[in-house]
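Keep in mind that this is a model prediction, so the values were computed, not measured. Because only heavy atoms are used, hydrogens play no part in the values below, and waters and symmetry mates are left out as well, while side chains stay in.
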Amino acid sequence: MKRIIQQLQPYIPERSIDDLKKELGLSKLVRLSANENAYGTSPDVKKAVVNWTYDQSNRYPDGDAKELRDLISKKFSLDPEQIVFGVGLDEVIVMLSRVFLSPGDEELVSAPTFSEYALHAEIEEAKVKSVPVFNSGQINFAGMLDAISERTKLIWICNPNNPTGTLETVSDIENFVEKVPNNIMVLVDEAYIDFATTPNASAMDLTKKYPNIVVMRTFSKAYGLANFRVGYAVFPKIVSVDVQKVRLPYNVNSIAQVAAVAAFKDESFVRNVVEKNALERQLWEKFFDDNKIKYYPSQANFIFFEYPDADKLADYLLHHGYLLRTGLKKNWLRLTVGMKIDNEELRNLIYDYKG
Ligand SMILES: *Cc1c(COP(=O)(O)O)cnc(C)c1O
């Protein structure tokens with residue numbers, strides 16, 4: 001076995017709600033720890049999945065995901081060959097790490113950010129250098145440029161960033177990419193970009209202009225398809241051809257493809273989710289302002305906030321039916337924006353909490 005595997009800190013997935021409920025003796029438990037879609041999934045997805053032709057079960061799925069590929073490339077005016085699909089964006093992160101990192105290489109991340117970037121770099125026996133975000137939560141692009149070395153191969157920009165929720169402008173990202181040497185890939189993880197209410201927030205168009213920028217999307221968040229595992233990356237065309245070589249040929253199954261197609265077509269569902277989320281997010285930010293609780297301004301479907309003895313608060317909330325994400329930064333909690341009724345109850349719980 002690679003030595004590194006034995007030393008790795010694994011990513012700990014969420015426990016099942018049913019399990020937790022049973023253990024804690026709760027009749028209701030709302031998971032606001034995994035940034036899932038609080039409003040469910042488009043009803044069109046159910047129709048599409050139920051109508052899926054079961055008699056194709058013995059056949060391999062379309063390895064090209066052609067229908068989905070055509071839809072996405074049309075929407076963003078891409079060459080269809082720019083897209084590489086993964087079993088969730090998680091798998092795309094694995095592929096990118098595998099393709100670009102050799103033992104001894106380096107990747108740069110901003111901190112705090114999504115932990116899977118570092119995990120997969122470590123598996124490839126590469127080093128991870130992290131550059132802390134500013135006090136505002138914004139990415140320190142100048143610091144990232146300074147941290148580039150001869151061994152740097154990848155730079156991760158999560159936008160909006162998980163867990164801070166903060167958004168970087170496309171022009172800041174473009175200015176950054178222009179200064180990064182062409183042999184280093186800049187990976188922009190847009191898992192939450194649909195939730196951004198700032199106009200023109202996506203860096204997608206930059207993939208047509210620069211040879212070293214990749215933009216990643218997932219169906220797990222705004223489209224409410226976390227269970228189906230579909231994500232993709234958009235590459236400059238010359239790069240995607242090589243990345244396709246490491247993709248398992250039938251990675252995304254037919255039901256997932258059918259579900260993603262239906263979800264992608266139902267633009268009104270996503271629009272509605274984004275609107276409701278923005279409204280609820282605003283109410284949370286007002287609550288934090290009113291109660292002098294520090295948080296980062298969010299453009300995502302979650303908010304990261306600071307609270308004294310945060311783990312104790314999280315434990316209290318858990319025993320009252322709300323699961324938040326702990327352990328990302330000392331005395332900070334990440335809260336997925338939920339449905340109105342849950343947000344209201346949760347704010348009352350926090351307001352009344354006496355430590
Ligand atoms: C949720 C998340 C992902 C992974 O999404 P999947 O498509 O469900 O694998 C990737 N990046 C970030 C920042 C995320 O928060």
Next on the checklist: Quick check on ring-ring contact (aromatic ring centres under 6.0 Å, His included): which of Trp332, Phe287, Phe288 does Phe305 satisfy it with?
Outcome noted: Phe288

Next on the checklist: Check Asp70 with Lys74, please: is the shortest side-chain N to carboxylate O separation under 4.0 Å?
Outcome noted: no

Item to check | Candidate pair Ser33 and Glu14, rule side chain to side chain donor-acceptor pair (under 3.5 Å), full reasoning | outcome: CA-CA 8 Å; Ser33 57; Glu14 294 283 329; 2.7 Å; yes

Checklist entry - Heavy atoms, side chains only, cut-off 4.5 Å: are Ile4 and Ile123 in contact? => result no

Checklist entry - Are the ring centres of Phe269 and Tyr39 closer than 6.0 Å? => result no

Checklist entry - How would you list, by chain and number, every residue that makes a side-chain hydrogen bond (donor to acceptor under 3.5 Å, both in side chains) with Asp290, sequence neighbours excluded? => result Lys286

Checklist entry - Where do Val170 and Ala201 come nearest, in terms of heavy atoms and distance? => result CG2-O, 3.3 Å

Item to check | Pairs touching residues 307-318 that satisfy side chain to side chain donor-acceptor pair (under 3.5 Å), sequence neighbours left out | outcome: none

Next on the checklist: In the structure I gave you, are the side-chain heavy atoms of Lys153 and Met185 within less than 4.5 Å of one another anywhere?
Outcome noted: no

Item to check | Phe195 six-ring face occupied by Lys221 cation (under 6.0 Å, within 45°) | outcome: no

Checklist outcome for this item: When every non-hydrogen atom of Arg281 is compared with those of Ile303, the smallest separation belongs to O-CD1, 3.9 Å

Next on the checklist: Taking NZ in Lys75 as the centre, count heavy atoms belonging to other residues, nucleotides or ligands within less than 6.0 Å. Is the count above 12?
Outcome noted: yes

Item to check | Ring geometry between Trp52 and Tyr54 (parallel below 30°, tilted from 30 to 60°, perpendicular above 60°) | outcome: perpendicular

Checklist entry - What pairs with Glu345 under side-chain hydrogen bond (donor to acceptor under 3.5 Å, both in side chains), at least two apart in sequence or on another chain? => result Tyr322

